Amino acid sequence: MSPRSLTCFLAALASLAGPVPAAQPSADVRKPDLHVDPSPVTASSAGLVVSYADMVEPVQKAVVSVYSTKIVRERVQMNPLLREFFGDRLPERESEQRGMGSGVIVTPDGYILTNNHVIEGADELKVLLPDEREFKATLVGADPKTDIAIIKIDAKDLPRVTLADSDRLRVGDVVFAVGNPLGVGQTVTMGIVSAKGRSVGILDDVAGYEDFIQTDAAINQGNSGGALVDARGINSAIISPNRGSIGIGFAVPVNLAASIMRSLIETGRVSRGYLGVGVDPLTAELSEALGLEKNTRGVMVTVVTEDSPAEKAGLERSDVILSVNDRPVASLQDLRLYVSQLAPGTEVVLKIIRDGKPRTLTATLDALPDDGTGTNELLPGIEVSRLSDDQRQELAVPGSIDGL
């Protein structure tokens, strides 16, 4: 089997607080020089495989360790009598908090993809390459909603990973996690893709975009930001009370990570597409009421925001959206995830059903308004929360229906 790395995914394990000053994009910013191979893992056939060394070795050269340092200031604890004397002028002391994660070199000139939680709150960042060279790193930008961050080191002719089309990933594909777990040094573990499209609530506190790939490759503290190769993505998180590997790890698909990365490198911020609709999932009962086949998959438009791209495209309430740019849409999450990955100004083709007849509409996306709510971003100004069991019982909502 010829050596090649097909992707990277990011992992979530530890969190720090407080921002690192972001580097401002220069006027002559160019697009990142990425190496992309969109072919699926199964594109080439091979016989019995007794070693994956040739495939893993090039990736190991492009996976780095990321060390963060944060200065913490806290008031000195003292005798209550002295506290009365000092009042609000209690002396402070400083201490250092150190964190560790992994990262993936994506360009020869030093752009590194990692997790936001790996670098969040750091006053200083250092990167250790596999050849033992150490560099200070600068934060290019970060996106807490996807737990993606980009840092930069001043170096040239670096080894880099090859990115792929994570939509081609299949459950059962063999994957290898590469990172620095628990600080023991670079480690490679093996597993398979266990599931796709997971939303597990890891990013709920920031109204994040979750589309995790689940794997049973062993992932531990320190793997965050490392590569998951031969299965397209970046390690993202582990659901484990003791923060240890329990056979369930999660990774951000590289298509999502790369869209954030390009936006941060090219513009210094994340620009997400905005359509301007509120939708409900298309249940079997709703399909029957609209005169559609029961197996029809899509979402029904419930709200069209005034003067939005959706209204300008001619979308109406009760329209059923089947796909966006031929990508099937079966839930609010599907629509939100896909639209958010498209740049403002992108023209999208909507396949819909209206009054039982198929139609095609074209919309030009606007920039997602930043209203500060961090909630239902397809429809700014409306705060939402996931339907709880108590609310479900109070409103007599069947258990088969999930919603907001």
Side-chain angles (χ1 to χ4, degrees), residues 7-13 15 113-120 141-150 163 165-167 169 195-214 224-225 228 232-239 249-265 267 269-279 281 299 321 324-325 327-344 346 348 365-380 382-386 402-404:
T7 107
C8 310
F9 295 89
L10 294 178
L13 297 171
S15 179
L113 186 60
T114 186
N115 278 137
N116 173 65
H117 74 265
V118 169
I119 57 83
E120 188 176 13
D143 180 38
K145 288 181 178 291
T146 54
D147 196 25
I148 298 295
I150 301 295
L163 307 183
D165 182 356
S166 53
D167 288 342
L169 188 67
K196 296 174 57 179
R198 293 295 200 206
S199 178
V200 292
I202 296 173
L203 302 177
D204 278 357
D205 58 337
V206 291
Y209 295 83
E210 295 189 4
D211 187 28
F212 294 124
I213 293 165
Q214 181 180 327
S224 296
L228 189 72
R232 297 158 177 71
I234 302 283
N235 300 337
S236 183
I238 293 178
I239 299 178
F250 296 94
V252 178
V254 74
N255 286 359
L256 175 58
S259 69
I260 300 300
M261 174 179 61
R262 290 187 176 98
S263 185
L264 289 172
I265 292 176
T267 70
R269 61 187 298 270
V270 179
S271 298
R272 293 184 169 95
Y274 165 67
L275 184 58
V277 293
V279 299
V299 291
I321 301 176
V324 179
N325 287 349
R327 179 165 175 163
V329 172
S331 66
L332 169 64
Q333 182 182 354
D334 288 346
L335 186 60
R336 182 174 180 262
L337 274 169
Y338 183 56
V339 171
S340 72
Q341 294 177 59
L342 301 176
T346 301
V348 296
L365 300 178
D366 283 345
L368 176 66
D370 183 11
D371 63 352
T373 62
T375 52
N376 182 357
E377 293 170 318
L378 283 174
L379 194 60
I382 295 180
E383 292 195 20
V384 300
S385 62
R386 185 169 295 281
D402 191 14
L404 306 174

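Quick note: numbers below take in every heavy atom, side chains included, and nothing from hydrogens, waters or symmetry partners. Since the model is a prediction, treat every value here as computed from it, not as a measurement.
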**Request:** Show your reasoning for whether side-chain contact (heavy atoms from CB on, under 4.5 Å) applies to F212 and V200.
**Result:** CA-CA 8 Å; F212 294 124; V200 292; 3.8 Å; yes

**Asked** Between D143 and N116, do the side chains contain an N or O donor and an N or O acceptor separated by less than 3.5 Å?
**Response** no

**Prompt:** Under the salt bridge (Lys or Arg N to Asp or Glu O under 4.0 Å) test, which residues partner D366, sequence neighbours left out?
**Reply:** none

**Message:** Taking E210's backbone N and O only, do any of them form a donor-acceptor pair with Q333's side chain (distance below 3.5 Å, no angle check)?
**Reply:** yes

**Request:** Check L228 against A251 and note the closest heavy-atom contact, atom names and distance.
**Result:** CD2-CB, 4.1 Å

**Asked** Within the distance-only criterion (no hydrogens, no angle test), does the side chain of Q214 pair as donor or acceptor with the backbone N or O of R198 below 3.5 angstrom?
**Response** no

**Message:** Just verifying a value: how many Å separate D147 CG and L256 CG, rounded to the nearest 0.5 Å?
**Reply:** 10.5 Å

**Message:** To the closest 0.5 Å, what do you measure between CD1 (I213) and CZ (F250)?
**Reply:** 11.5 Å

**Asked** Quick one: OG on S199 to CG on L337, what's the gap to the nearest 0.5 Å?
**Response** 8.0 Å

**Test item: S166 side-chain N/O and N255 main-chain N/O as donor-acceptor pair under 3.5 Å** = yes

**Prompt:** Would you say the side chain of Y274 lies within less than 4.5 Å of the side chain of L365, judging by non-hydrogen atoms?
**Reply:** no

**Prompt:** Do T114 and I148 touch side chain to side chain, with heavy atoms closer than 4.5 Å?
**Reply:** no

**Asked** Going from CE on M261 to CG on L113, what distance comes out if it is rounded to the nearest 0.5 angstrom?
**Response** 5.5 Å

**Complete:** Contacts of R327 meeting side-chain contact (heavy atoms from CB on, under 4.5 Å) (sequence neighbours excluded), chain-then-number -> D167, Y338

**Prompt:** Out of curiosity, S263 OG to R269 CZ, how far, rounded to the nearest 0.5 Å?
**Reply:** 7.0 Å

**Request:** Using the side-chain contact (heavy atoms from CB on, under 4.5 Å) rule, take V299 and L332 through it: C-alpha gap first, then chi angles, then the decisive distance, then the call.
**Result:** CA-CA 7 Å; V299 291; L332 169 64; 5.9 Å; no

**Prompt:** If you round to the nearest 0.5 Å, how far is CZ of R272 from OG of S259?
**Reply:** 8.0 Å

